[in-house]
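All remarks here apply to the structure that follows.
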Amino acid sequence: MDVGQLQRRFLDYTASLFREGFLDDQFNQLQQLQDESNPDFVVEIVSLFFQDSEKLLNNLTRALDQQSVDYKRVDAHVHQLKGSSSSIGAYRVKNVCIAFRSYCEEQNIQGCLRCLHQVKHEYSLVKNKLETLLRLEQQILAAGGSIPLMV
Amino acid sequence: MRARDQLMEQNAALDLARREAETAIRARNDFLAVMNHEMRTPMHAIIALSSLLQETDLTPEQRLMVETILKSSNLLATLINDVLDLSRLEDGSLELDLGTFNLHAVFRQVVNLIKPIAAVKKLLLSSSLAPDLPEYAVGDEKRLMQIILNVVGNAVKFSKQGSISITACIAKSESLRDARAPDFFPVPSDGHFYLRVQVKDLGSGISPQDIPKLFNKFAQSHSLTNKNSDGTGLGLAICKRFINLMKGHIWIESDGLGKGCTAIFVVKLGVVERSNESEHRFAPKMLANPGQTIFSGLKILVMDDNGVSRTVTKGLLVHLGCDVTVVSSGEECLRVVSQEHRVLFMDVCMPGTDGYEVAIRIRERFAKRHERPLLVALSANTERMTKDICLRAGMDGVILKPVSLEKMRSVLSELLERRVFFEVQ
């Protein structure tokens with residue numbers, strides 16, 4: 001494929017991610033921060049997000065598995081996850097976190113477990129999509145092209 | 001002889017009376033100055049701690065109580081301020097605080113502050129500045145803003161629907177004279193201009209015979225079904241006195257009840273001499289190239305305990321050319337913060353780590369305002385209460401997360417120019 005086609009495929013894919021709500025405008029903002037002086041910004045921040053989230057999801061699983069659940073602790077983890085996903089533009093993950101926090105406030109174990117399941121699902125979906133997106137970016141760069149920005 | 005003795009006696013008595021009166025006024029001013037501080041200190045403590053209490057876990061019943069405490073103490077604080085202001089205005093001991101300031105920014109600030117309240121009442125708020133209105137002027141910025149806020153606030157308070165329009169222009173000499181105020185003689189001069197501000201609303205209006213009484217102390221409108229007009233009734237009285245100090249004039253027009261109201265005031269401001277403009281260290285509007293970063297090397301400290309969020313904020317600021325240091329906790333922040341940092345962005349969503357506490361400590365540590373970094377809260381919480389709490393903790397600004405590149409750019413510009421930035425939804 002030539003650069004033009006790769007770029008078009010990239011744009012179409014990005015557009016679909018926005019349309020389906022996986023990503024929101026915040027992700028656009030991050031892409032704008034990538035420049036010659038910071039060429040790997042998006043990759044770095046996405047990797048940071050993956051590391052952070054995986055740790056949080058593990059902590060959440062453990063915290064909700066306890067005999068007597070410490071909801072404050074659970075809420076603290078969800079709060080962090082909400083912050084990261086919001087900062088990176090992972091829209092669906094963020095929304096599940098919002099619901100998750102209400103269940104924590106109500107100390108509703110069923111609700112929390114459901115949300116945990118859901119957030120893990122959304123996380124793995126967005127992780128997949130972001131990895132694909134970044135791969136497409138690499139392909140464009142390898143072919144000598146530049147990453148088009150969505151406006 | 002006796003007549004002359006009598007006159008001399010009378011003169012002596014009058015002189016004594018005058019000196020006693022002056023002593024009494026001095027004593028009153030001293031009393032007020034002390035009371036000012038004595039009353040405000042516990043007031044601030046009540047407000048600050050009630051605000052912090054609100055942020056803790058409360059039962060609904062407790063929450064209601066705390067809200068009432070806050071509302072009452074805010075009202076009390078306003079009352080104290082108003083009464084003290086007014087008494088200083090009455091005896092002529094209040095002086096204007098003159099300085100060069102950005103006139104356009106004052107109107108922007110007013111709109112930003114009033115917008116949320118207007119939005120709740122579904123009122124359209126618009127502001128229009130005449131093209132020849134100078135951007136910078138010499139005058140008492142804080143009091144001018146107080147006047148505009150008061151007038152616009154009234155327009156919002158007494159409107160149930162419709163729109164409120166604020167227009168500002170240079171008063172032309174014909175419009176300076178008002179038939180209703182034959183003793184207002186504006187004297188145009190070199191180096192000064194008259195600012196004319198008009199605030200028009202479509203609210204409940206005022207019947208013409210009530211208009212003159214509006215500027216009296218403690219005048220409240222009783223003709224409204226709106227019973228919860230919370231206010232001291234001193235606002236317009238104080239405005240009028242400030243406006244008089246500014247050699248200006250204020251008047252109100254209304255076609256009657258239900259027909260809206262137009263408040264117009266004119267004040268005298270100084271023109272900024274060309275040579276003064278070089279004194280403005282940060283004047284972003286003068287830069288021809290919008291892409292140029294004027295923030296090069298600006299030292300900024302970012303406090304956020306969330307790794308991703310911290311990196312994004314840092315990325316935004318670095319992209320704008322700033323020199324950024326990041327910390328992940330309150331303790332680290334207090335260790336690292338110095339006079340060199342111009343701005344501290346602190347995330348206040350962190351439960352457990354109290355961003356407000358950090359703000360209070362920093363304000364204690366750096367006594368003079370220009371020596372400490374500007375304190376800006378980053379919050380994901382859109383409630384108005386958050387902004388109030390930030391204000392009480394002594395923050396210079398609040399921004400809502402997530403922050404876009406454009407928003408960060410304009411926030412930094414405003415901060416450096418005006419030293420405050422409060423974003424409202």
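Chain A is the first sequence line, chain B the second, and so forth, proteins listed ahead of strands; every chain is numbered from 1.
Proximity to chain B (any heavy atom under 4.5 Å) is shown, for A:F49, by both the backbone and the side chain.
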B:E332 and B:S328: side-chain hydrogen bond (donor to acceptor under 3.5 Å, both in side chains), yes or no, with the steps? CA-CA 7 Å; B:E332 210 186 332; B:S328 57; 3.2 Å; yes

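Highest contact tally toward chain B, considering only A:D24, A:L33, A:N38, is held by A:L33 [criterion: heavy-atom pairs under 4.5 Å]. When the candidates B:T313, B:T311, B:V318 are compared by the number of heavy-atom contacts under 4.5 Å with chain A, B:T311 comes out ahead.
For the residue pair A:Q80/A:D52, the side-chain donor-acceptor check at 3.5 Å is not satisfied. For the residue pair B:S338 / B:K299, no side-chain donor-acceptor distance below 3.5 Å is found, with atom types taken as modelled.
A cation-pi arrangement, defined by a distance under 6.0 Å to the six-membered ring centre and an angle within 45 degrees of its axis, is absent between A:K82 and A:F100.
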